[in-house]
Amino acid sequence: MDVTCGTPLTDFPGVGEARAKKLEKLGLTTVDSLLHYYPRDYEDRRQYATIQDAPLGVRVCVAAIAAERPRLSYVRRGLTLVQLKAADQTGIVYITFFNQDYVEKAIRQGEEYIFFGAVEEQNRRRTMTNPVFERVSSRNFTGCIMPVYPLTAGIGNHLLASLARRALTCAGQVPETLPSALRQTHQLAGVEFALQNIHFPADEEALSLARRRLTFEELFYLSIGLALLKGRRGGRKGSAFSVPEREAFLALLPFAPTQAQVRVMDEIAQDLASGRPMNRLLQGDVGSGKTAVAAYAAWVAIRNGFQAALMAPTEVLAEQHCKSLTALLRPAGVRVGLLTGGLAAAEKRRVRQELAQGELDLVIGTHALISENVSFHNLGLIVADEQHRFGVAQRAALAAKGVVPHVLVMSATPIPRTLALIIYGDLDVSVIDQLPPGRTPVETYVVREDKRQRMYNFVRRQVEEGRQVYLICPAVEEDGSGEGAGLQSVKQYADRLRTEVFPDLNVGLLHGKLRPREKEAVMAAFAAGEIQVLVATTVVEVGVDVPNASLIAVENAERFGLSQLHQLRGRVGRGKHLSYCVLLTGAQNIDSLRRLRVLASTTDGFRIAEEDLKLRGPGDFFGRRQHGLPQMKLADLAGDTRLLSQAQQAARQLLDDDPTLSRPEHRLILAQVRQLFAETPDIFN
Ligand code: ADP
Ligand code: MG
């Protein structure tokens, strides 16, 4: 059979309609798709042993002759055995297969096979159970490094491996996409070698060469795509604002801005005046004062006669932003409105109408602001607060609607630089690397369950001193993600505190299932000091600001990401009082404790984020697939940083040389980039 890259898998023997359907689920339709379906792991099947010398309990290949016809026996319903003896020059091995009736016919007496499996010893007999086997003459799955593929129901690993073997017969015809000069500079293997060895590595070194080449390629296309995206933006026109004297804005602030805040305001002012749409990521640790900077950007837009929108991740936070920004900007004549899902229908309608008619200057809301069909009179600026999700795809979607506002994305989750380059590869980055004066770091303690009573005592003492306390539980009911048994149900927990532990204190409860009205009432009561102890899920995670709160205790702290805990910790230490963070954990395991102690040992958000990244990977870090980037097959965006910067450099060079990839020799690269970004709207055209 003549195999080419375009050959449909249904042309392969053994692939009927039913199997083809299942393969399709894995994205496998043609030889080409199979060649690029990489193993997720490998099993080393290279070690051979004789029956006598085989190390016990280690999977090895044993070459042996079937000394008898396999015997099939029914033990009971649902359990059958096939048994046979096999021999080499050193001895006999007794082989048993459970529930694999086909073996009775598949193994023929007198023929030689390779059996791959663990040899054991029972009653001085050497045995093997359920080994992989194949004829010596047609070796495919033994004596090699065996690929282990991601599977789906009805598609086994051996099937995929044998299909891959066949597909690889045309690996020599796969066109080389990477120019040879580039391969030489970066010492990258050729495509045929890479494909052969990613599936069936000749040895470890070949595997690592193959992987390096294919990973580089992936990062290369990613970098090109992001650069093109950035370039498109560069060519687009945005509104050029005239930037009024800053003094007028600073006069509105109740404090003097830090140097870092001033520097970032400058950077933003330049963007806004440039005539190109701003696309800036503002990173600043919890409490570094990002809100004031956002207010400045909004103020500039509004003074230019445009509207501004601020999106917060939760309604609680939107409401809080609305209050503080109203207080700040109303004296300057800015008309501020709130638009959240919790508003009454009539109220929502009114706000929408005012937005459409230009009667509101600044609107604050949740994500729904851009996804629902809100129409603006003339939107000039979007600020996304704590929205990692406001990624490539959202910006592209906005652009597709013909709206090209300036965009400012703010994040308190300090993203390690390498990762930021990718995730926000098409953004400019500003950093507020300075906290307002007079802050003392929050004292942080990791404690075990047995110190619970002491923690309660500590809570009481803080309250007696006039302070307030947050008690955080993992979100059980918030998003219905059902984190499983063993977690404290927030409600029960709050009830117990009210009745047993602090019957004399005012204990409030805040969780995601409350109606916005109720949430607001609870937050207002806490802010006013009426509630002394606030039991809450992570709805208070970002941004909530009650300076009198001096203690935050987190239950089941091991369930949280470090960056998330760092965010939570930022809820205290916002006023003049010395503040504390207590991380309660039932975890016995050394790693969890060590991880939590990182938090106790540093307040450096970047360090904490790096640690998080190491442990959880970028997927978790940002919420799976929420950053809007294409899925990587091989590349690990957190781990492959060296290769990543090489790929970025190569991408830059290529685009300097041929900015639109229109030269014939770059046609293949362009096609690959298109394919990678197929799900991102509007990157090309
Ligand atoms: P974040 O960066 O976490 O969003 P906020 O903007 O909420 O931080 O600011 C945290 C607190 O610090 C707020 O109470 C804010 O009023 C205050 N703040 C911000 N900038 C300054 C400053 N330059 N001097 C004093 N206080 C400030
Ligand atoms: Mg904030």
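Read the numbers this way: they start at 1 and go in the same order the structure lists the ligands and their atoms.
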May I ask you to list the atoms of ligand 1 that are less than 4.0 angstrom from any heavy atom of [X]?
X      : result
Ser288 : 2 (O), 8 (O)
Thr258 : 23 (N)
Pro257 : 23 (N)
Gln261 : 19 (C), 20 (N), 22 (C), 23 (N)

Cationic N near anionic O, under 4.0 Å, Arg350 to Glu347: yes
Carboxylate-amine/guanidinium proximity below 4.0 Å for Arg263 and Asp433: yes
Atom CD of Glu359 with >12 non-hydrogen neighbours under 6.0 angstrom: yes
[X] N/O to ligand 1 N/O under 3.5 Å:
X      : result
Phe255 : no
Ala256 : yes
Gly287 : yes

Just by distance, no angles: are the side chains of [X] and [Y] close enough, under 3.5 Å, to form a donor-acceptor pair?
X      : Y      : value
Ser411 : Gln283 : no
Asp271 : His406 : no
Arg448 : Thr585 : no

Whether Phe458 and Tyr580 hold their rings parallel, tilted or perpendicular, with breakpoints at 30° and 60°: perpendicular
Shortest reach to atom 4 (O) of ligand 1 by a heavy atom, considering only Leu317, Thr291, Val546: Thr291
Option whose closest heavy atom lies nearest to atom 7 (O) of ligand 1, chosen from Lys290, Gln283, Gln434, Arg574: Arg574
Gly284 touching ligand 1 at heavy-atom level, < 4.0 angstrom: no
